[in-house]
Structure formats: C-alpha cells, structure tokens
**Q** 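I'd like to ask some things about the structure below.
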Amino acid sequence: MDATVSNPAGHPAEHTPVLVVGAGPAGLAAAAELGLHGVACVVVEPRTEVSHLRPRAKTTNIRTMEHLRRWGVADSLRAAAPLPVAWSQRVTFCESLSGPRITDFDNAFGLTAERDDRYAEAGQQVPQPVVEEVLRDHVRGLPSVELRLGHAATELVQDDEGVTVTIRDDAGISYLIRARYVLGCDGASGVVREQIGVRYTGRSDLRPNFNLVFRAPELDSPLGPAVQYWVVGERGAGVLGRLDLHGAWWAILPGVEADYGVRHADELIAGLVGHRVEHELVATDTWTARMLVAERFRDRRVFLVGESAHLNPPWGGHGFNTCVGDAVNIGWKIAAVEHGWAPARILDSYEAERRGVVEQTVRSAETNLAALADALPKDAEAIQTTKRAEFHSLGLVLGYSYAGSPIVQPTGPRPRASDGEVTSYTPTTEPGARLPHRWLPDGSSLYDRLGAGFTLVGPIRTDRADRPGVAVLVERAEQLGVPLTLLEPPPSDLWREEFLLVRPDQHIAWRADAVADIDLDLAVGSAQRRRGVPETKQEADAA
C-alpha cells in the first residue's frame, strides 16, 4: 500500500485490510464474519446509539439465525428478543384485533419451538434495533474488529493498490483510512454507492405506507397470541403486532398518506383494534416500497453489501436477512484472500452468486406486495392461497443455490427458480446448495462440526473410506494453505456415501463419489495455478 497518503493534518493515513462503511445489519454481519476468520477491519457508523423508536425489520429468519449460531450469538439474540419463540408462531387474519378470526398461518416465518432436522436454528421475531445491539456487543469483543461510532465516510478514491477513504468523526474532524477493500454497507442513501457511480434499476410502488408505534399496556386480543395480526375489515386494514409483552405495538397501514396518518392516528388504531383504546403514540413513519437492484455490486476494490446493493419491500421478512447473506458471502472470501489461501479472483464470485438470490428475493417480495391487507377479501381459502408464500417461504430462505458460480463444481445450467420453490424446500447435495442439516445423536448440530474453512464431509473412516484420495486432498489443502476439516456424517445421513466439499458458508462446493474427483483449486478460485501462475497473495507478493 502507498505509505505516502496522508491525513489532512499531515499525519499518515491509517491502514486496515478492510474498511466497513455502515454498521446496520449488513455492516455488523460483515464485521462478524471477518472477525470469525481473524481478519482485521475498521467499521465506521455515524449513529452512536441504536434508536428503538422505529423497529424496522422484525423477522430474523432461519438462515440468518444459522449464521448467528456460527458466530456464537444465536442464544444471545434469543435472550434479548422481547417475544420468545414459544410465545407465538402464528400469523392471524381477522376483521379486527377484537375479532372475528378469518384464518391463521401456524409456524410462520420458520418459527417453531421444536427441533427440526432441516435446520440448526428456528426463526426469531425480534426488532432490528435489538439485533443491531446484540451484534454491536459481539463485534466489540472481537480482537480483529474496531467499531467506530459517530464516524462517517464522506469520500473515497481508488487506485491499483487500495482505497483511500475520508472519514469525519463526531467532532467534525476529517481523517483518512487506507484499506485494501471497502465494503459499502451504508444503505440506499449512503455515500459508497454514489461515490463509485452505481445506479439502481427497478421501480418504486406508487402507494404510500404509514407506520405507527404506540404503547397500550391494556391492549390484548381475544384471538390469542400472534406475531402479526392482519386486519381485513370495514373500519380498518393493515398489519399490527406486539413489540414486547409490556404494551408496545407496531402497525403498518397501506395507502395512508403521512399527513392524514398523523392527524388521524387515533382513528387508524381504533380501526385496527375494533374499538377506541387508551394509548400513547410513540412514533410515526411513512415509506414507499421499492424494488431496486444495483446495476453492479462491485467496482474494483469496493463492494456493495446489503441495501446499498438492493432494496425490496418488507413483506415476507427477507430484506435484512438478504443483507446478512451478502455480508457472509463476501466476508469469508475476503478472509480467504487476506490469509493467502485464495487468489483475488475468488472475489469475482460475489456478484455471480448473490445477484440471483437477490433478484429472486425481490420478485417474491413484489408478489407479496400485490396482496396487502386493504386488497384482500374476507375469505379464508383465498387468503391461504394468496399469502402462503409470504409466511411459509422455506424454499427461498434455505433452498437458494450458488450453482453456476465460477467456484462451484460445474453441473450444467440451473433453471430459474419458480414461484413454487419459494415455499417448498427439499434438502439436496447438489453443488451450490446449502449442506443438508442433521441433528447428531449427542444432540449437537452437524453444522457445529464444520470447520471455519472448508470441510470434507463423507465416509472418512468407514470400510468405503477413500484413504489415498483423502490424503491427496489434505496434502493439496496444505500446499494451498486452505484450512480443511474432515467430518464423518451420522449413520442416518441419506448422503453419507457421498464426498462433499463444504465451504465456510455451509454451501457445497463439490460433490463426488471419489475424493480424487474433487477440484479444490477450482473451489478456491486457484484453478490456473496448474499452469504455474502465482495466485495467492503471498505468491504474488513474492513474485
């Protein structure tokens, strides 16, 4: 890196391998992933405190909870969540909070109090501010992560060796940070996307939406506990639910303008509840649903992560969870480059893998947007048909694949996901898919046995063990510096006779009947090494 770059006051610029701009869910997830792999990073975020006035996202889905488990914070989030999963796993449709009931969706959003072999963690209803606070506490404890609150990026300049970013602290003083990579996790209105000249493509919905947060300690519903009540009534139409068990509620009313909503908040709440209720109005907010995807996710050493790369309506609860998926994907790959066991070429696979997931998620949310509470009939069968994919979306949450990625075993073109795949999830060992989960006989998760790097899952110690092939793969991993764990699947595993090379993010890079058929070089982006080209960071530096 160019050591001549100086701060405005003449002091040398600070240096860090990775600068994370923004500490919302995407930025904190990126820091957690980099910290898991011991990669140094600085995270800058202008907000010194997390505001609880507006809960924003309220659904942490199964896949995000599995990543939280990898980072060791899933239990901490559940302990901090105001609504325990055991309290309710239901979405109720009704004519008002006072009744009558129209229909229910049980085990919505992957919420269940029972273990399920298909996943390591159930979903969790929890306001986004709580998620951010738990992740802030977590990254503060990581030795390789520095979280700077009250600091904001204002400008960035790239060259061949790195990125120079101007930061302004909470006292208004500017300084420079020099990074090899920058992750733009600062959302739709952040500076990173604007600085690299990337535009969104897509559309915004014409209808306004009005949010309310209010306190009503005496309010309850004879319909029983539910994480969401969808009101399809004559007096009101919208969605509301508890933020905690002590009287805090949220509500979303489609089609309501901001001025009208503020002036008539009491009437709007009464319309949802079914009668006037004593309450304290805490906050209001208006927003527009946007279906936008950035024209590209990368400009040389700068990567767009989360809402700086895509925006979608909240219906279905996929927005911030998709952001976390982005952060994990780019995080482990930058760690691989920084530790020298993958070439910089592996970073090209970030957009190749995430764009398809993002586009499918945006399409699904847009479909859900077409049938909001003010457009639904009071008909149980129609609601079940129309809204099922919004509350039972395991196929979208767990079933997405990175097939076709340049670092995944080639298996031929994968057909575009159909709408039916949003709801239906079938575990598979197809390369690119998430490794099928199992609970082990001792009660632990198969995922808990995976290494932080790559893991070879297969019949390692059985009569069918391919010991020579395993030895060759282990030797090749040592040559590349790739951390490789060997794992014998449980006897009950349907795929125990296959050899699966599993990536740090729990997705399958390669599937083979014989270990010798696994191409570790391709899986880490080093396939050209066979032609004598230096690919890792250490080799390039030595050259």
Side-chain angles (χ1 to χ4, degrees), residues 36-37 62-63 65-72 74 110 112 114-122 328 332 394-395 397-403 405 407-411 424-478 480 482-524:
L36 178 68
H37 298 285
I62 289 169
R63 190 67 184 120
M65 289 301 302
E66 288 181 338
H67 289 311
L68 289 167
R69 185 185 183 103
R70 290 174 55 242
W71 303 328
T112 177
E114 304 295 329
R115 278 192 169 185
D116 191 306
D117 236 4
R118 295 173 297 175
Y119 40 83
E121 293 283 345
V328 170
W332 79 259
L394 209 57
V397 172
L398 300 183
Y400 64 84
S401 173
Y402 294 143
S405 165
I407 59 170
V408 170
Q409 178 184 3
T411 56
S424 176
Y425 169 64
T426 302
T428 177
T429 57
E430 173 190 287
R434 165 184 163 277
L435 176 71
H437 177 264
R438 285 287 182 272
W439 290 108
L440 302 181
D442 64 0
S444 65
S445 165
L446 175 67
Y447 286 1
D448 297 340
R449 306 293 181 87
L450 300 176
F454 277 71
T455 303
L456 178 65
V457 180
I460 308 296
R461 292 180 293 274
T462 66
D463 292 339
R464 190 186 169 281
D466 182 4
R467 292 181 178 84
V470 172
V472 170
L473 185 69
V474 169
E475 181 180 6
R476 185 60 182 145
E478 291 175 349
L480 291 169
V482 177
L484 180 66
T485 299
L486 304 181
L487 176 61
E488 182 86 21
S492 60
D493 198 308
L494 297 176
W495 302 280
R496 64 172 287 100
E497 297 304 316
E498 299 175 339
F499 289 97
L500 305 173
L501 183 65
V502 182
R503 311 180 336 173
D505 59 359
Q506 301 165 346
H507 281 257
I508 298 167
W510 207 277
R511 175 177 63 184
D513 292 328
V515 181
D517 294 332
I518 294 176
D519 190 340
L520 182 62
D521 290 70
L522 185 144
V524 298

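Please read these numbers as outputs of a predicted model, since none were measured by experiment.
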**Q** Side-chain contact, heavy-atom cut-off 4.5 Å: V457 with L450?
**A** yes
**Q** Within the structure provided, determine whether R118 and L394 are in side-chain contact (heavy-atom separation under 4.5 Å).
**A** yes
**Q** For R70 and V328, work out which heavy atoms get closest and say how close.
**A** NH1-CG1, 3.8 Å
**Q** Looking at R115 and G443, would you say the former's side chain and the latter's main chain have a donor-acceptor pair under 3.5 Å?
**A** yes
**Q** Any heavy-atom pair between the side chains of L68 and E121 that's under 4.5 Å?
**A** no
**Q** For T485, which residues count as a side-chain hydrogen bond (donor to acceptor under 3.5 Å, both in side chains) partner, sequence neighbours excluded?
**A** none
**Q** Is any side-chain heavy atom of V408 closer than 4.5 Å to one of R503?
**A** yes
**Q** Kindly indicate whether the side chain of L487, heavy atoms from C-beta on, has any atom under 4.5 Å from the side chain of I460.
**A** no
**Q** Are the side chains of Y119 and T112 in touch, meaning some heavy atoms are under 4.5 Å apart?
**A** yes
**Q** Find the distance between CD1 (I518) and CZ (R476) and round it off to the nearest 0.5 Å.
**A** 14.0 Å
**Q** Any chance you could measure I62, atom CD1, to H67, atom NE2, to the nearest 0.5 Å?
**A** 12.5 Å
**Q** Determine whether L486 and V474 make a side-chain contact, defined as any pair of heavy atoms from C-beta on separated by less than 4.5 Å.
**A** yes
**Q** First locate atom OG of S445, then atom CD of E66, and finally report the distance between them rounded to the nearest 0.5 Å.
**A** 7.5 Å
**Q** Report the residues that fulfil ring pair (Phe, Tyr, Trp, His ring centres under 6.0 Å) with Y402, sequence neighbours left out, ordered by chain and then residue number.
**A** Y400, H507
**Q** Report the residues that fulfil ring pair (Phe, Tyr, Trp, His ring centres under 6.0 Å) with H437, sequence neighbours left out, ordered by chain and then residue number.
**A** W439, Y447
**Q** Over all heavy atoms of both residues, which pair between L446 and P436 is shortest? Give the atoms and the distance, please.
**A** CD2-O, 3.6 Å
**Q** Looking only at heavy atoms, what is the nearest atom pair of W510 and L522, with distance?
**A** CZ3-CD2, 3.9 Å
**Q** Going by ring pair (Phe, Tyr, Trp, His ring centres under 6.0 Å), name the residues that satisfy it together with W71, two or more places apart in sequence or in a different chain.
**A** none
**Q** With R438, which residues qualify under side-chain hydrogen bond (donor to acceptor under 3.5 Å, both in side chains), at least two apart?
**A** none
**Q** Using a 3.5 Å distance criterion without hydrogens, assess whether the side chain of S444 forms a donor-acceptor pair with backbone atoms of L440.
**A** no
**Q** Report the C-alpha separation of D448 and R69 in whole Å, then their side-chain angles, then the decisive distance to 0.1 Å, and conclude whether the salt bridge (charged side-chain N to carboxylate O under 4.0 Å, His left out) test is met.
**A** CA-CA 9 Å; D448 297 340; R69 185 185 183 103; 2.8 Å; yes
**Q** Grab the two heavy atoms, one from P431 and one from Q409, that are nearest each other, plus how far apart they are.
**A** CG-OE1, 3.2 Å
**Q** So which of T455, L500, T428 actually passes side chain to side chain contact (heavy atoms under 4.5 Å, CB included) with L435?
**A** L500
**Q** Between A403 and S401, which heavy-atom pair has the shortest distance, and what is it?
**A** N-OG, 3.0 Å
**Q** Please identify each residue that fulfils side-chain hydrogen bond (donor to acceptor under 3.5 Å, both in side chains) with R511, with sequence neighbours left out.
**A** T429
**Q** Taking the side chain as C-beta and beyond, is there a heavy-atom pair between L484 and L501 under 4.5 Å?
**A** yes
**Q** Taking all non-hydrogen atoms of both residues into account, name the closest pair between D517 and A512 and its distance.
**A** CB-CB, 3.9 Å
